[in-house]
Amino acid sequence: MQRIVRLTPVASGHEQELFVRYKSALMAVIHGAFGWDEAFQRERFETCYERDWFYWIEINGSRIGYICYWSKASEMHVSLLIVDDAERG
């Protein structure tokens, strides 16, 4: 079966869902390295990444995570790549 991957801009109003997915994917790693401070992580998430950098990753119409990136004419920087647990191999 052919897999069709599409990136769709995240509409305003989905900030909480983005953070929940961020926390689910990264909390164990961050907690192990530095300790998880909920207020600090939420503030960092809200201030370090610009709204228009977020795109849903959809495969065959199903949302499986998101990518947060910015680009210039000669470069692309991926800040976050969050993929749902069920989709990780």
Side-chain angles (χ1 to χ4, degrees):
M1 176 181 183
Q2 183 179 0
R3 294 178 65 155
I4 299 171
V5 179
R6 193 166 80 186
L7 300 180
T8 306
V10 174
S12 182
H14 290 273
E15 292 79 12
Q16 179 62 23
E17 183 179 355
L18 292 171
F19 184 75
V20 166
R21 288 174 183 248
Y22 170 87
K23 183 176 177 179
S24 175
L26 298 176
M27 183 177 171
V29 174
I30 293 171
H31 180 71
F34 310 108
W36 181 268
D37 180 315
E38 183 80 13
F40 175 82
Q41 290 300 326
R42 185 171 292 278
E43 174 70 19
R44 183 178 183 284
F45 185 82
E46 292 172 356
T47 60
C48 288
Y49 309 109
E50 295 190 23
R51 274 295 297 117
D52 61 343
W53 294 355
F54 289 91
Y55 292 82
W56 293 120
I57 302 169
E58 298 173 350
I59 296 180
N60 295 337
S62 295
R63 188 177 293 168
I64 62 123
Y66 65 84
I67 187 168
C68 174
Y69 75 92
W70 56 266
S71 61
K72 296 180 183 178
S74 63
E75 63 186 277
M76 178 181 178
H77 176 87
V78 175
S79 298
L80 295 169
L81 177 59
I82 305 296
V83 177
D84 296 344
D85 290 340
E87 299 297 327
R88 293 185 215 154

> Show me the donor-acceptor pairs, under 3.5 Å and distance only, between side chains in residues 44-58 and residues at least two apart or in other chains.
from  : atom 1 : to    : atom 2 : distance (Å)
Arg44 : NH1    : Tyr49 : OH     : 3.0
Thr47 : OG1    : Glu43 : O      : 2.9
Arg51 : NE     : Glu15 : OE2    : 2.9
Arg51 : NH2    : Val10 : O      : 2.9
Arg51 : NH2    : Ala11 : O      : 3.0
Glu58 : OE1    : Arg6  : NE     : 3.4
Glu58 : OE1    : Arg6  : NH2    : 3.1
Glu58 : OE1    : Thr8  : OG1    : 3.4

> Please collect all ring pair (Phe, Tyr, Trp, His ring centres under 6.0 Å) contacts where either partner lies in residues 23-42, sequence neighbours excluded, each pair once.
none
> Using distance only, find each side-chain donor-acceptor pair of residues 74-89 under 3.5 Å and give its atom names and separation, not counting sequence neighbours.
from  : atom 1 : to    : atom 2 : distance (Å)
Asp84 : OD1    : Arg21 : NH1    : 2.8
Asp84 : OD2    : Arg21 : NH1    : 3.2
Asp85 : OD1    : Arg88 : NH1    : 3.1
Asp85 : OD1    : Arg88 : NH2    : 3.0
Arg88 : NE     : Val83 : O      : 2.8
Arg88 : NH2    : Val83 : O      : 2.9

> What side-chain donor-acceptor pairs closer than 3.5 Å can you find for residues 63-73, not counting sequence neighbours?
from  : atom 1 : to    : atom 2 : distance (Å)
Tyr66 : OH     : Leu18 : O      : 3.0

> Please examine the side chains of Lys23 and Glu38, heavy atoms only from C-beta on, and report whether any two atoms are closer than 4.5 Å.
yes
> What's the shortest heavy-atom distance between Ile30 and Gln41, and which atoms?
CG2-NE2, 3.6 Å
